[in-house]
Amino acid sequence: MTKVAPIGGPILLRIRENPGFGPADPTVPIVLIGNGTGLAGLMAHLRARAAVGGAPARLLYGERSGAHDRPFAAELETLSNNGPLIRIDRAFSRDTECSRYVQHLVADTADEMLEWADRGAAIYVCGSLAGMASAVDAALRAILGDARLEEMAEQGGYCRDIY
C-alpha cells in the first residue's frame, strides 16, 4: 500500500483491537518474536516493561536487510543497555551472509526457548501471517510440544498478533 502513496499523501488504514495480546504480568519474563512491522506491536510490550520494571525480556526479530532495516535501533539499544531487554537476536533474510528468517532464530535457540518457558515466560509473536507466523509456531511446537504450547495459549502465555 505505501509503495504507491505519494509523500505526505493520505493512506487508508484501520485499527483493530486484539485484547488477547495485552501485556504480561510484570513479574513474568517475556519472549518477543516477530518480523517486519510486527516490531511495532512488540515495542509496546518492551516499553510497558521498561516503564514498570520487572522480569526480563528477550527479542527475536527478522527483517530484510541489516544495512537498511533497523527500525527502533537506538531505542532497542537503550532498552538493552538500561532496561528490561537482556538479549536481541536478529535475522536478515536478504543479506547474503545471513539469509535467515526469524523461525531459524527460534530453532537455533531451542534450549534457551525451553529454559525461558520453564521459567514461566510468556511468548508473544507479532508480524506476518504468511510465512513467519506458521513457521515460528512450528518451531515452538518442535521445541515445547503441541500440548504445552496449547496450554500456554489457553493460559495467556502464548499470544499472537499476526496479519
Side-chain angles (χ1 to χ4, degrees), residues 1-110 112-113 115-117 119 121-133 135-136 139-140 157-163:
M1 176 188 283
T2 59
K3 290 179 184 179
V4 296
I7 294 175
I11 298 174
L12 296 175
L13 62 94
R14 66 184 169 100
I15 297 173
R16 64 181 174 88
E17 284 188 58
N18 185 349
F21 203 71
D25 180 309
T27 63
V28 173
I30 54 175
V31 175
L32 307 171
I33 304 169
N35 72 332
T37 58
L39 183 57
L42 301 176
M43 289 301 295
H45 291 282
L46 284 172
R47 290 172 180 152
R49 184 59 54 98
V52 299
R58 176 171 183 185
L59 174 65
L60 296 93
Y61 176 67
E63 197 47 271
R64 290 181 183 221
S65 166
H68 304 288
D69 298 318
R70 289 189 177 262
F72 303 108
E75 186 176 2
L76 285 170
E77 184 174 340
T78 298
L79 290 167
S80 181
N81 292 333
N82 306 319
L85 187 56
I86 64 167
R87 182 169 171 181
I88 304 172
D89 294 288
R90 291 182 177 96
F92 297 106
S93 60
R94 302 300 190 268
D95 288 355
T96 55
E97 66 276 359
C98 180
S99 188
R100 296 162 45 79
Y101 293 92
V102 70
Q103 60 265 27
H104 298 130
L105 297 176
V106 174
D108 290 349
T109 59
E112 291 143 336
M113 290 294 105
E115 180 183 314
W116 278 70
R119 291 178 20 212
I123 299 173
Y124 290 84
V125 179
C126 190
S128 174
L129 174 63
M132 187 277 301
V136 165
L140 289 170
Y158 178 48
C159 306
R160 300 181 348 141
D161 187 9
I162 54 177
Y163 41 87

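Sequence positions, counted from 1, serve as the residue numbers for this chain. This is a predicted model, so every value here is computed, not measured.
Looking only at distances, a side-chain donor or acceptor of Arg49 sits under 3.5 Å from a matching main-chain atom of Ala55. Judged purely by atom type and a 3.5 angstrom limit, Ser80 has no side-chain atom pairing as donor or acceptor with the backbone of Leu76.
Within the model, atoms CZ of Arg58 and CD1 of Ile86 stand 8.0 Å from one another, a figure rounded to the nearest 0.5 Å. Summarising the geometry, atom CD1 belonging to Ile33 is positioned 9.0 Å from atom CG belonging to Leu59; distances are rounded to the nearest 0.5 Å. Once rounded to the nearest 0.5 Å, the distance linking CD of Glu63 with OH of Tyr101 reads 12.0 Å. For the atom pair CG (Asn35) and CZ (Arg90), the distance works out to 14.0 Å, reported to the nearest 0.5 Å. One finds the CE atom of Met43 at 5.5 Å from the CG atom of Leu79 (value rounded to the nearest 0.5 Å). To the nearest 0.5 Å, the span separating CG on Leu42 from CZ on Phe21 amounts to 5.5 Å.
Across all their heavy atoms, Ala139 and Gln103 have their closest contact at CB-O, 4.1 Å. Here the closest heavy-atom approach between residue Tyr163 and residue Cys126 is recorded as CE2-SG, 4.3 Å. Summarising the geometry of Thr109 relative to Leu105, their closest heavy-atom pair is OG1-O, 2.8 Å, with the distance given to 0.1 Å. When every heavy atom of Ala133 is checked against every heavy atom of Arg160, the shortest pair comes out as O-NH1, 3.5 Å. In terms of heavy atoms, Ala57 sits closest to Leu46 at CB-CD2, 3.7 Å. Closest heavy-atom contact between Ala91 and Val102: CB-N, 4.1 Å.
Using bins of under 30°, 30° to 60° and over 60° for the plane-to-plane angle, the ring pair Tyr124/His45 lands in the tilted bin.
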Passes side-chain contact (heavy atoms from CB on, under 4.5 Å), Ile123 versus Trp116? Steps please.
CA-CA 9 Å; Ile123 299 173; Trp116 278 70; over 6 Å; no
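Shown are Asn81, Asn82, Ile88; of these, the side-chain contact (heavy atoms from CB on, under 4.5 Å) with Leu85 is made only by Ile88.
Looking at Val125 and Tyr158, their side chains come closer than 4.5 Å, going by heavy atoms from C-beta outward.
Taking the charged nitrogens against the carboxylate oxygens, Asp161 and Arg16 do have a contact shorter than 4.0 Å, which makes a salt bridge.
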